Protein chains: 2
Amino acid sequence: MEITRKAPLGRPRGFDADEALERAMMVFWEQGYEGASLTDLTHAMGITRKSMYAAFGNKEELFRKALERYTEGPAAYAARALEEPSAREVATAFLAGSVSATTRPGCPAGCLGVQGSLAAGDSGRAAQDALITWRDDGRARLRHRFQQAVDEGDLPPGANPELLARYVMTVSNGIAVQAAGGATRSELQQVADAALRNWPPV
Amino acid sequence: MEITRKAPLGRPRGFDADEALERAMMVFWEQGYEGASLTDLTHAMGITRKSMYAAFGNKEELFRKALERYTEGPAAYAARALEEPSAREVATAFLAGSVSATTRPGCPAGCLGVQGSLAAGDSGRAAQDALITWRDDGRARLRHRFQQAVDEGDLPPGANPELLARYVMTVSNGIAVQAAGGATRSELQQVADAALRNWPPV
DNA sequence: TTAATTCTGCACCGATCGGTATCTAAGTTT
DNA sequence: AAACTTAGATACCGATCGGTGCAGAATTAA
């Protein structure tokens, strides 16, 4: 025992799995789950189909892993926003993060969590469900944070954390759609500012 | 000359083209452009591929016609909202219409103009562009209406019709995404109310 | 060296994609 | 009834879909 495995058995893979996943994420982000073919994906990843299947399982699992990477990368603003000291700052940071993430130069316009699979045929149902869960999860975290703000007296006792979370999430999703249609960063930041001009919107 | 064509030559079609288009619209609405296969579409329409091609051209034109029908049907709330007497009522009616159209029982959840083709591969680019144009058009109509409100003194002189239109459209798009994720009508109406609690959001 | 293991590259699988050719049946005009 | 035009059904087209089988190359352990 205690044999420290210095290197895995067999021929080592000839590509960087992290970078390949990053490339796959970009393709899904731009073309959506169903719109991204294995040919598109593997060409962007710089590997063959066989290598992709060996490293990631199948298209569906590749999408799930790309979504995880998206959460920890371009969408990390969401987790950071939750750590802001007040509900107002949480909402402000969340929307500002949405704006910058959906209009980042060098990345596809919009949000992978929205346009990855908003409507789908049979083959895309699993991805569609995964994204619904993903958005629900983000909304739940906002709700908890706003509930905490109510408990702390940061928000008035009558404030509705459920509604506030859905409100912020709705504006964020709308920003993503607008960005996918070509709206610029400054245009969307103005919208975000307008959405938070009276906060909380009781 | 002056021969009044009483009936078109040849065998008359054995199906109602309007109803077939309605069915196709529902399939595109639910599955998106790329997610809806010709098999899905023609089965729902109750006709054969050949009849579909003869009556509508091809899949892309079928989608465009389905989008027109959507505009005049489920999305007719938009045109009606523009006729409201004040900017506030326009925005209120527009968002209320969004809520009810995206959560209508018996129809797919969400908005065809958003989820029909938000992200797409090569084969869906044309549909994607058509929807971007469609949403831009709706936003332009809102902008003109709000400009009119400024001209009439209904909105203060400093109001920004461009921003107001984008704000309303953003919330509407967000409502569509939320609806696609299963949000209920009353939940979304609360969001719409919150978004208009201070209007205009200057 | 040898055996075991795993990655790569290529060809290939059946299924489905959007779109069409063909044939027959059905209707209209003359 | 003849001539003409179109609807409907079926089978089919080449291309692409997601996914694999297989042979060979590369590496580790013995």
Side-chain angles (χ1 to χ4, degrees), chain A residues 1-21 24 27-28 31-66 117 120-128, chain B residues 1-21 24 27-28 31-66 117 120-128:
Chain A
M1 58 191 104
E2 279 79 39
I3 298 178
T4 331
R5 190 64 60 81
K6 300 179 182 176
L9 248 59
R11 174 176 170 178
R13 68 164 53 113
F15 62 94
D16 182 331
D18 276 349
E19 188 174 324
L21 184 56
V27 176
F28 281 132
Q31 311 202 355
Y33 177 80
E34 284 178 318
S37 71
L38 280 185
T39 302
D40 295 332
L41 290 163
T42 52
H43 280 194
M45 298 165 87
I47 63 178
T48 64
R49 290 161 121 79
K50 209 75 211 296
S51 300
M52 190 283 280
Y53 275 87
F56 301 103
N58 60 16
K59 188 183 178 185
E60 209 171 295
E61 290 190 33
L62 178 64
F63 181 77
R64 293 194 133 86
K65 281 158 183 156
S117 189
D122 292 328
S123 75
R125 287 283 146 71
Q128 186 180 19
Chain B
M1 59 194 101
E2 280 79 39
I3 298 178
T4 330
R5 189 65 60 81
K6 301 180 181 176
L9 251 57
R11 173 176 168 177
R13 68 165 52 113
F15 62 93
D16 183 330
D18 277 349
E19 189 175 325
L21 184 56
V27 175
F28 281 131
Q31 311 203 354
Y33 178 79
E34 285 178 318
S37 70
L38 279 185
T39 302
D40 294 331
L41 290 162
T42 52
H43 280 195
M45 298 165 87
I47 63 178
T48 64
R49 287 160 123 79
K50 209 75 206 304
S51 299
M52 191 283 281
Y53 275 86
F56 301 102
N58 60 15
K59 187 185 178 184
E60 209 171 295
E61 290 190 33
L62 178 63
F63 181 77
R64 294 193 133 86
K65 281 159 184 157
S117 191
D122 292 328
S123 74
R125 286 283 145 68
Q128 187 181 18

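Reminder, nothing fancy here: chain letters follow the sequence lines and each chain counts from 1. All values reported here derive from a predicted model rather than from experimental measurement.
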In whole Å, I'd like the distance from the [atom1] atom of [X] to the [atom2] atom of [N].
X     : N      : atom1 : atom2 : value
B/F56 : C/dG19 : CZ    : C1'   : 16 Å
A/Y33 : D/dC17 : OH    : P     : 13 Å
A/L38 : D/dT20 : CG    : P     : 11 Å
A/N58 : D/dC17 : CG    : P     : 17 Å
B/F28 : C/dG18 : CZ    : C1'   : 12 Å
A/L41 : D/dG19 : CG    : P     : 11 Å
B/E61 : C/dG18 : CD    : C1'   : 14 Å
A/M52 : C/dC7  : CE    : C1'   : 15 Å

Review point. Using a cut-off of 4.0 Å on non-hydrogen atoms, how would the nucleic acid contact of B/A36 be classed: base, sugar-phosphate, or nothing?
Key: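 Sugar-phosphate, backbone atoms only, no base.
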Shortest non-hydrogen contact between [X] and [Y], atoms and distance:
X      : Y      : value
A/D16  : A/D18  : OD1-N, 2.8 Å
B/A126 : B/R64  : O-NH2, 4.3 Å
B/A120 : B/Q128 : CB-OE1, 3.8 Å

Review point. If only side-chain N and O atoms of A/S37 are considered, is one of them under 4.0 Å from the OP1 or OP2 phosphate oxygen of D/dT16?
Key: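 No, outside the criterion.
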Review point. Would you say C/dC17 has OP1 or OP2 under 4.0 Å from some side-chain N or O of B/T39?
Key: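 Looking at the OP1 and OP2 atoms of C/dC17, one of them is under 4.0 Å from a side-chain N or O of B/T39.
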Review point. Does a donor on one side chain and an acceptor on the other come within less than 3.5 Å for B/E34 and B/S117?
Key: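 No, B/S117 and B/E34 have no side-chain donor paired with an acceptor closer than 3.5 Å.
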**Study point:** Backbone N/O of A/L38 and side chain of A/R49: donor-acceptor pair under 3.5 Å
**Key:**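 Answer holds: no.
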Check your understanding: Just wondering, do A/L41 and A/M52 contact through their side chains at under 4.5 Å, heavy atoms?
Key ->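 Not touching, per the 4.5 Å side-chain cut-off.
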Review point. Do A/F56 and A/M45 come within less than 4.5 Å of each other through their side chains, counting heavy atoms only?
Key: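 Heavy-atom side-chain distance check passes, below 4.5 Å.
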Review point. Going by heavy atoms closer than 4.0 Å, what residues in residues 11-20 of chain A are next to DNA chain C?
Key: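 Going residue by residue through residues 11-20 of chain A, the ones with a heavy atom under 4.0 Å of DNA chain C turn out to be A/R11, A/P12, A/R13, A/G14, A/F15.
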Exercise for review: Keeping to residues at least two apart or across chains, list the side chain to side chain donor-acceptor pair (under 3.5 Å) pairs with something in residues 50-59 of chain A.
Suggested key: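 The answer is A/T48-A/S51.
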**Study point:** Strand contacts (DNA chain D) in residues 42-51 of chain A, 4.0 angstrom heavy-atom criterion
**Key:**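 Output list: A/R49, A/K50.
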